[in-house]
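Only one structure is covered here, and it is reproduced in the block below.
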Amino acid sequence: MDVVNCKACGKLFIRQSSDLCIDCIKKDHTDFEKVREFLRERRKVRTSPVDVENAIGVKKENVLRYIKEGRLLISEISQIEIMCESCGKPSRDGTICAECRDKLRRDLAQAMLDSANPSKPRTYRT
């Protein structure tokens, strides 16, 4: 257990599992519930993280963090779109679009096969 400053408010606290103090964890949970309810009400309306911030006051960075953490399933809740961190195309599947995720899976499967077969010479792309 470390004594650290809260990532959000700067208050000293004993870290157990989060970089946020108890008060900020509670506020984050409340903000998450606000976002989820807002998106449910606007299910058929195209919404961006900026729209959420303007409407209910939860920072767009927090909305994106909820998506990245998997707490918000954007494809089920709203028409919200974020950009793929790999190719930059709009993604409704989270931080990586379906195409990039499939490519990553294929590359990982090939890497596993290559590592299982040591007789095959390794090639590295740069």
Side-chain angles (χ1 to χ4, degrees):
M1 286 193 217
D2 300 327
V3 176
V4 296
N5 291 81
C6 175
K7 186 177 172 182
C9 70
K11 183 172 82 174
L12 279 174
F13 74 104
I14 297 174
R15 178 174 51 197
Q16 294 178 357
S17 63
S18 174
D19 290 336
L20 301 177
C21 67
I22 296 296
D23 295 334
C24 290
I25 288 173
K26 288 178 184 176
K27 182 182 182 322
D28 187 61
H29 181 70
T30 302
D31 287 349
F32 170 73
E33 292 298 327
K34 285 181 190 176
V35 171
R36 191 172 69 171
E37 188 60 34
F38 176 76
L39 293 175
R40 278 196 179 132
E41 291 171 1
R42 296 175 52 96
R43 189 178 307 253
K44 302 293 183 192
V45 179
R46 184 169 298 279
T47 306
S48 73
V50 175
D51 296 334
V52 174
E53 183 174 23
N54 292 338
I56 61 174
V58 176
K59 293 181 182 178
K60 68 178 181 177
E61 293 82 11
N62 288 347
V63 175
L64 294 172
R65 182 172 50 85
Y66 299 148
I67 294 167
K68 289 178 182 179
E69 291 173 351
R71 294 168 69 184
L72 283 178
L73 301 176
I74 55 178
S75 60
E76 296 175 10
I77 294 175
S78 179
Q79 298 290 325
I80 195 169
E81 287 184 344
I82 60 172
M83 304 314 260
C84 173
E85 290 183 357
S86 180
C87 69
K89 293 179 185 174
S91 171
R92 294 190 35 86
D93 300 321
T95 58
I96 299 176
C97 68
E99 289 178 33
C100 291
R101 188 171 36 257
D102 290 342
K103 182 182 181 314
L104 182 61
R105 283 185 182 138
R106 286 191 305 272
D107 291 348
L108 286 173
Q110 186 61 47
M112 297 278 290
L113 289 173
D114 290 348
S115 67
N117 188 359
S119 63
K120 184 178 179 181
R122 296 178 186 212
T123 56
Y124 298 97
R125 295 184 181 136
T126 57

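Residues take their numbers from the sequence shown, with the count starting at 1.
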Discussion item. One thing to verify: whether D102 and R106 come together as a salt bridge, which I'm taking to mean a side-chain N less than 4.0 angstrom from a carboxylate O.
Written reply: no
Fill in: Backbone of I96 reached by a side-chain donor or acceptor of R101 within 3.5 Å
yes
Fill in: Carboxylate-amine/guanidinium contact K27 D23, below 4.0 Å
no
Worksheet item: Could you give the distance from OG1 (T30) to CD1 (I25), rounded to the nearest 0.5 Å?
Response: 12.0 Å
Practice prompt. Looking only at non-hydrogen atoms, find the nearest pair between F32 and Y66 and report the distance.
Written response: N-OH, 3.5 Å
Practice prompt. Go through the steps for V35 and L72 under the test side-chain contact (heavy atoms from CB on, under 4.5 Å), then give the verdict.
Written response: CA-CA 9 Å; V35 171; L72 283 178; 3.8 Å; yes
Worksheet, complete the sentence: Shortest non-hydrogen pair, M83 vs G88, comes out as CE-O, 3.1 Å
Worksheet item: Can you check whether V3 reaches L12 side chain to side chain, under 4.5 Å on heavy atoms?
Response: yes
Item to complete: Mind checking the CZ-CG spacing from R15 to L20? Nearest 0.5 Å is all I need.
Response: 10.5 Å
Worksheet item: Taking it one step at a time, do D19 and C6 satisfy side-chain contact (heavy atoms from CB on, under 4.5 Å)?
Response: CA-CA 6 Å; D19 290 336; C6 175; over 6 Å; no
Worksheet entry | Separation of K59 NZ from D31 CG (nearest 0.5 Å) | 9.5 Å
Worksheet item: More than 12 non-hydrogen atoms from neighbouring residues, nucleotides or ligands closer than 6.0 Å to CD on E99, yes or no?
Response: no
Worksheet item: Should P90 and C84 count as side-chain neighbours, where that means a heavy-atom distance under 4.5 Å?
Response: no
Discussion item. Let me confirm one number: the NZ-SG distance from K89 to C100, rounded to the nearest 0.5 Å.
Written reply: 7.0 Å
Response to the item:
In terms of heavy-atom contacts, F13 and N5 come closest through CE2-C, 3.8 Å
Discussion item. As a quick check of understanding, evaluate side-chain contact (heavy atoms from CB on, under 4.5 Å) for V52 and L39, giving each step before the final call.
Written reply: CA-CA 8 Å; V52 174; L39 293 175; 4.0 Å; yes
Worksheet item: Hey, is D28 close enough to R71 for a salt bridge, meaning N to O under 4.0 Å?
Response: yes
Worksheet item: Salt bridge or not for E61 and R65, using N-O below 4.0 Å?
Response: no
Item to complete: Report the C-alpha distance between K26 and I22 in whole Å, list the side-chain angles of each, state the deciding distance to 0.1 Å, and finish with yes or no for side-chain contact (heavy atoms from CB on, under 4.5 Å).
Response: CA-CA 6 Å; K26 288 178 184 176; I22 296 296; 3.7 Å; yes
Fill in: Pairwise side-chain contact, C97 with S86, heavy-atom cut-off 4.5 Å (strictly under)
no
